[in-house]
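Lettering of chains follows the sequences in order, A, B, ..., and the numbering in each one begins at 1. Just so it is clear, the structure is predicted and the values come from calculations on it, not from any experiment.
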Number of protein chains: 2
Amino acid sequence: MGFAETFKALSDPARREILDMLKDGPMTAGDIGNHFDMTGPTMSYHLKILKNADLIYEEKQKNFIFYHLNTSVLEEIMVWMSSLKGDK
Amino acid sequence: MGFAETFKALSDPARREILDMLKDGPMTAGDIGNHFDMTGPTMSYHLKILKNADLIYEEKQKNFIFYHLNTSVLEEIMVWMSSLKGDK
DNA sequence: TATCTATTTAGATGTTTATCTAAATAGATG
DNA sequence: CATCTATTTAGATAAACATCTAAATAGATA
């Protein structure tokens, strides 16, 4: 939990695409995975990184896991970026 | 040049600190390096990554190189982040 | 309860990253 | 022009990362 973790999570194109997909609502791990040419375990790995970075959270429902976007961390990053730009 | 490169550049704490330092005005590679417990070559490596990510640019003056902050790339990232947040 | 479905964990592997030391470049100055 | 100062390039290395296959978990259902 820190900027390093967040930026590392955001540095991978697949992970950014996952976030874009979740913008329209929660999805199961399987449905997310179907959009990529990757194995399940690889998808699971990326989801874990996004989860550890607090960019998504999971909700278990039956034997599915729904992933939700969490944008609160992005707010903090935008504050830092604004300060870099000199916006006080 | 792309989000991947930018986020990777931002994922390192030393590199983020360099950007914070440059917020107050340009600095030479040497002066930047003096703030860190790192060798010159390591500093040079980080500066190159920031430069390739277009987050800084250099201006040669005598036998010094002054590094300047460049925030235009951050704007694009903030636009993407805003869209994730649903700010249309 | 046996098994099917959804997802994760474990372990292996090739690639990328951050760091160092040693050497190279290039401009300024005695 | 010899050398000092500022910085980078080259090459090596340990750690971290992204990916895979095989196996494990855990809940739903026949």
Side-chain angles (χ1 to χ4, degrees), chain A residues 1-22 25-70 73 77, chain B residues 1-22 25-70 73 77:
Chain A
M1 297 190 189
F3 278 14
E5 230 168 338
T6 309
F7 283 124
K8 253 178 230 167
L10 293 173
S11 74
D12 185 275
R15 291 194 292 258
R16 286 196 304 280
E17 200 172 334
I18 291 170
L19 298 181
D20 277 325
M21 288 164 69
L22 294 179
M27 293 177 73
T28 64
D31 280 347
I32 295 169
N34 287 337
H35 282 72
F36 296 92
D37 186 19
M38 276 177 197
T39 62
T42 297
M43 189 51 46
S44 188
Y45 163 79
H46 286 304
L47 290 170
K48 183 158 73 175
I49 286 182
L50 288 170
K51 191 172 59 178
N52 287 154
D54 256 338
L55 287 164
I56 60 175
Y57 63 93
E58 60 185 34
E59 172 210 4
K60 280 165 206 186
Q61 208 169 105
K62 294 201 158 192
N63 59 339
F64 294 85
I65 299 179
F66 280 85
Y67 281 99
H68 297 248
L69 183 60
N70 177 20
V73 180
I77 287 181
Chain B
M1 296 189 186
F3 278 13
E5 230 169 337
T6 309
F7 283 125
K8 254 178 229 167
L10 293 173
S11 74
D12 186 276
R15 292 195 291 258
R16 286 196 303 280
E17 200 171 333
I18 291 170
L19 297 181
D20 277 325
M21 288 164 68
L22 294 179
M27 294 176 72
T28 64
D31 281 347
I32 295 168
N34 287 337
H35 282 72
F36 296 92
D37 187 18
M38 277 175 195
T39 62
T42 297
M43 189 51 47
S44 188
Y45 162 79
H46 286 303
L47 289 170
K48 184 158 74 175
I49 285 181
L50 287 171
K51 191 172 60 180
N52 288 154
D54 255 337
L55 287 164
I56 60 175
Y57 63 92
E58 61 185 33
E59 171 210 4
K60 281 167 205 185
Q61 208 169 105
K62 294 198 157 193
N63 59 340
F64 293 86
I65 299 179
F66 281 85
Y67 282 98
H68 297 247
L69 183 61
N70 177 19
V73 180
I77 287 181

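Taking the six-membered ring where the residue is Trp, B:Phe3 and B:Phe7 present perpendicular rings, their angle passing 60° and hence far from 30°.
Within the structure, a side-chain polar atom (N or O) of A:Thr39 is placed less than 4.0 Å from OP1 or OP2 of D:dC20. Taking 4.0 angstrom as the limit, B:Thr42 places a side-chain polar atom (N or O) nearer than this to OP1 or OP2 of C:dC20.
Within residues 27-37 of chain B, the residues that have a heavy atom under 4.0 Å from DNA chain D are, in order of number, B:Thr28, B:Ala29, B:Gly30. DNA chain C lies under 4.0 Å from at least one heavy atom of each of the following residues of residues 6-19 of chain B: B:Lys8, B:Asp12, B:Arg15. Within a heavy-atom distance below 4.0 Å of DNA chain C, the residues of residues 43-54 of chain A found are A:Ser44, A:Lys48.
Across the protein-nucleic acid pair, B:Met38 atom CE and C:dC20 atom C1' stand 12 Å apart, rounded to whole Å. As rounded to whole Å, 17 Å separates atom P of D:dA6 from atom CD of B:Glu58. With rounding to whole Å, A:Phe66 atom CZ is found 18 Å from C:dT5 atom P.
Applying the side-chain contact (heavy atoms from CB on, under 4.5 Å) rule to B:Ala4 yields the partners A:Arg16; only residues at least two apart in sequence or on another chain are considered. Under the side-chain hydrogen bond (donor to acceptor under 3.5 Å, both in side chains) criterion, A:Gln61 pairs with A:Glu59, sequence neighbours left out. Residues passing the side-chain hydrogen bond (donor to acceptor under 3.5 Å, both in side chains) test with B:Asn70, sequence neighbours excluded: B:Ser72. By the ring-ring contact (aromatic ring centres under 6.0 Å, His included) test, A:Tyr57 pairs with A:His68, sequence neighbours left out. Considering only residues two or more places apart in sequence or on other chains, A:Asp20 meets the side-chain hydrogen bond (donor to acceptor under 3.5 Å, both in side chains) condition with B:Trp80.
Rounding to the nearest 0.5 angstrom, the gap separating the CD1 atom in A:Ile77 from the CG atom in A:Leu10 is 6.0 Å. A distance of 10.0 Å separates CD1 of A:Ile32 from CD1 of A:Ile65, quoted to the nearest 0.5 Å.
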For residues 34-41 of chain A, which side-chain donor-acceptor pairs fall under 3.5 Å, sequence neighbours excluded?
residue	atom	partner	partner atom	Å
A:Asn34	ND2	A:Gly30	O	3.4
A:His35	ND1	A:Asp31	O	3.0
A:Thr39	OG1	A:Thr42	N	3.4
A:Thr39	OG1	A:Thr42	OG1	3.1

Only distances under 3.5 Å count here; give the side-chain donor-acceptor pairs of residues 43-56 of chain B to other protein atoms, sequence neighbours excluded, each with its distance to 0.1 Å.
residue	atom	partner	partner atom	Å
B:His46	ND1	B:Arg15	NH1	3.1
B:Lys51	NZ	B:Glu58	OE1	3.2

Query - Letter per nucleotide, 5' to 3', of nucleotides 25-30 of chain D [B base touched, S only sugar-phosphate touched, - untouched; heavy atoms, 4.0 Å] - result: --SS--

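At the heavy-atom level, A:Tyr67 lies under 4.0 Å from the strands shown only through sugar-phosphate atoms.
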